[in-house]
Enquirer: 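Encoded as structure tokens, here's the structure I'll be asking about.
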Amino acid sequence: MASLSLKHIYKKYPGGVTAVSDFCLEIKDKEFLILVGPSGCGKSTTLRMIAGLEEITEGELFIGDKLVNDVAPKDRDIAMVFQNYALYPHMTVFENMAFGLKLRKTSKEEIKRRVDEAARVLDIAHLLDRKPKALSGGQKQRVALGRAIVRYPKVFLLDEPLSNLDAKLRAAMRTELTKIHQRVQTTFIYVTHDQVEAMTMATRIVVMKDGLIQQVDTPQNLYDSPVNLFVAGFIGTPQMNFINGTLEKKGEDLYFCFGNNSLKLPKEKADEPALQEYVGKELIGGIRPECIHDEPMYLSQLPDSVIDTNVEVTELMGAEIYLYLVSEEQNLVARVSPRSQARAGDSIKVAIEVSRMHFFDKDTEKCICH
């Protein structure tokens, strides 16, 4: 088994293009680490440098305690699963899974044992005699995983392996991948642009933007305590609402004001020293959609943070309704109970849980307080 250490890794291309900048990360043994970010943020390039498919321009990469910058991909004891599965169409499932072991001159008995074991874990034992063209997308995905598992690698690298599957199958495969990780007890490093995949599977998530690490943390901590505006907006569906406003002191109390709306901050939030410095200044307030309520109970419980809004669109999601609202020229999304009576065109009052608001500096976009 293996931990990985990436120390000040850079990837620079000719012409002055820097794809990855000063990437520093310690990846623990048996961890399920996910690199997430928008297209072009450098996550796949980072994965390919770990695999040895891209040369590291600067920095050091250790697998275990071995420096592997100049070690060939085949000697790094890693297995990579690609987006397009890369199965050999003329070979059966068994032959596809056994191919890497044959190249390593593994005995026939050992090959059969490992392939049968992996096929059982992946629930594809009944498919071993089929060719890839006779398989569904999910089955091909499992075969590609099986081909990696049989090698008993120290590290699994997975590059957007679910992006070719339909929504229902993706959800099922997310669960399967989590189970497989628990069974094979190996380090998984996984790349995706889908933050739902990251939130549901990872033990830790690395959020990247423009080749730079923005934040590394557990899914829950990223959701609850984003370090900046980008992370706050990237993690969570629907994304966090951002409101441009001002912090104003009225008597002993502190208010977040936008347009004619004034939201009174609870004492524990108002007493935050970092926030005190922004009195009289512009800043950005962030609030998750599930913290905006239209139920009478909340309207009576939170009288100091009730605002008037107009409903533009409603989306019934089954277990909940998304309300797309406008208040004082600010667009808001609320995630409310399916019992909500609000309809497009209505004017309604909503209560905002100010105690759960995040505040960000308007210029640096860094979080001031949660």
Side-chain angles (χ1 to χ4, degrees), residues 2-73 76-78 80 154-160 187-195 197-199 202-219 221-235 274 358 360-368 370:
S3 56
L4 283 88
S5 181
L6 293 90
K7 298 184 177 180
H8 306 290
I9 300 280
Y10 285 81
K11 180 60 188 179
K12 297 174 182 174
Y13 291 105
V17 178
T18 303
V20 178
S21 294
D22 200 21
F23 192 102
C24 296
L25 188 65
E26 299 292 326
I27 302 170
K28 303 183 191 83
D29 185 23
K30 299 178 187 173
E31 187 166 20
F32 199 137
L33 184 97
I34 295 190
L35 304 174
V36 71
S39 296
C41 71
K43 55 191 186 298
S44 286
T45 304
T46 303
L47 197 75
R48 291 172 66 82
M49 284 192 285
I50 295 170
L53 303 174
E54 291 273 4
E55 212 171 288
I56 294 170
T57 311
E58 283 177 43
E60 295 176 321
L61 170 63
F62 290 86
I63 297 179
D65 51 7
K66 183 182 178 186
L67 180 66
V68 296
N69 284 44
D70 300 319
V71 174
R76 292 193 181 192
D77 205 2
I78 52 171
M80 191 151 179
K154 286 182 180 172
V155 184
F156 271 93
L157 306 178
L158 301 102
D159 191 3
E160 306 215 14
T187 309
F188 274 45
I189 305 172
Y190 186 107
V191 159
T192 182
H193 61 271
D194 184 335
Q195 53 98 14
E197 281 178 30
M199 290 292 286
T203 47
R204 278 194 309 159
I205 298 173
V206 181
V207 183
M208 293 183 71
K209 178 192 177 194
D210 301 334
L212 293 164
I213 293 177
Q214 301 295 305
Q215 188 172 355
V216 184
D217 216 326
T218 62
N221 284 348
L222 280 180
Y223 192 80
D224 294 338
S225 310
V227 295
N228 60 30
L229 211 59
F230 176 78
V231 176
F234 194 82
I235 299 292
H358 306 255
F360 303 90
D361 185 287
K362 200 169 183 189
D363 298 320
T364 66
E365 298 190 349
K366 287 183 178 171
C367 188
I368 303 161
H370 300 295

Enquirer: Compare all side-chain heavy atoms of Val71 with those of Lys66 and state whether any distance is below 4.5 angstrom.
Expert: yes
Enquirer: Enter the distance from Ile50:CD1 to Ile63:CD1 here, rounded to the nearest 0.5 Å.
Expert: 8.0 Å
Enquirer: Looking only at atom types and distance, does a side-chain atom of Asp210 sit under 3.5 Å from a main-chain N or O of Leu212, one as donor and one as acceptor?
Expert: no
Enquirer: Let me have the donor-acceptor pairs involving side chains of residues 8-17, under 3.5 Å, with sequence neighbours excluded, atom names and distances please.
Expert:
from: His8; atom 1: ND1; to: Asp22; atom 2: OD1; distance (Å): 2.7
from: Lys11; atom 1: NZ; to: Glu55; atom 2: O; distance (Å): 2.9
from: Lys12; atom 1: NZ; to: Glu58; atom 2: OE2; distance (Å): 3.0
from: Tyr13; atom 1: OH; to: Glu54; atom 2: OE1; distance (Å): 3.4
from: Tyr13; atom 1: OH; to: Glu54; atom 2: OE2; distance (Å): 3.3

Enquirer: Quick check: do Leu4 and Leu33 have side-chain heavy atoms less than 4.5 Å from each other?
Expert: no
Enquirer: Search all heavy atoms of Ala51 against all heavy atoms of Ile78 and return the closest pair with its distance.
Expert: CA-CD1, 3.2 Å
Enquirer: Of all heavy-atom pairs between Gln214 and Val231, which one has the smallest distance, and what is that distance?
Expert: CB-CG2, 3.7 Å
Enquirer: Roughly how far, to the nearest 0.5 Å, is CD of Glu160 from OH of Tyr190?
Expert: 8.0 Å
Enquirer: Look only at the side chain of Arg204 and the backbone of Val216, and say whether a donor-acceptor pair between them is shorter than 3.5 Å.
Expert: no
Enquirer: Not counting sequence neighbours, which residues clear side-chain hydrogen bond (donor to acceptor under 3.5 Å, both in side chains) with Ser5? List them please.
Expert: Glu26
Enquirer: Would you say Asn69's side chain and Gly59's backbone share a donor-acceptor pair under 3.5 angstrom?
Expert: yes
Enquirer: Hey, does Met49 have a side-chain heavy atom less than 4.5 Å from the side chain of Leu6?
Expert: no
Enquirer: Considering all heavy atoms of both residues, which atom of Gln215 and which atom of Ser225 are nearest to each other, and what is their separation?
Expert: NE2-O, 3.1 Å
Enquirer: Which value, rounded to the nearest 0.5 Å, describes the distance between Ile27 atom CD1 and Leu35 atom CG?
Expert: 7.0 Å
Enquirer: What heavy-atom pair brings Pro38 and Met208 nearest, and what distance separates the two atoms?
Expert: CD-O, 3.6 Å
Enquirer: Enter the distance from Thr45:OG1 to Ile56:CD1 here, rounded to the nearest 0.5 Å.
Expert: 12.0 Å
Enquirer: Provide the closest heavy-atom pair for Ala202 versus Ile205 in the form atom of the first, atom of the second, distance.
Expert: CB-CG1, 3.6 Å
Enquirer: So, taking the atom named CZ in Phe188 and the one named CZ in Phe32, what distance separates them when rounded to the nearest 0.5 Å?
Expert: 6.0 Å
Enquirer: Can a donor-acceptor pair be found, under 3.5 Å and without considering hydrogens, that links the side chain of Asn228 to the backbone of Cys367?
Expert: no
Enquirer: State, yes or no, whether a side-chain contact exists between Leu222 and Phe234 at a heavy-atom distance under 4.5 Å.
Expert: no
Enquirer: Taking all atoms of both residues into account, what is the closest heavy-atom pair of His193 and Lys43, and its distance?
Expert: N-CE, 3.8 Å
Enquirer: Can you tell me how far apart CG (Leu157) and CG (Leu53) are? Round to the nearest 0.5 Å.
Expert: 8.5 Å
Enquirer: Please work out whether the ring planes of His358 and His370 are parallel, tilted or perpendicular, with thresholds of 30° and 60°.
Expert: perpendicular
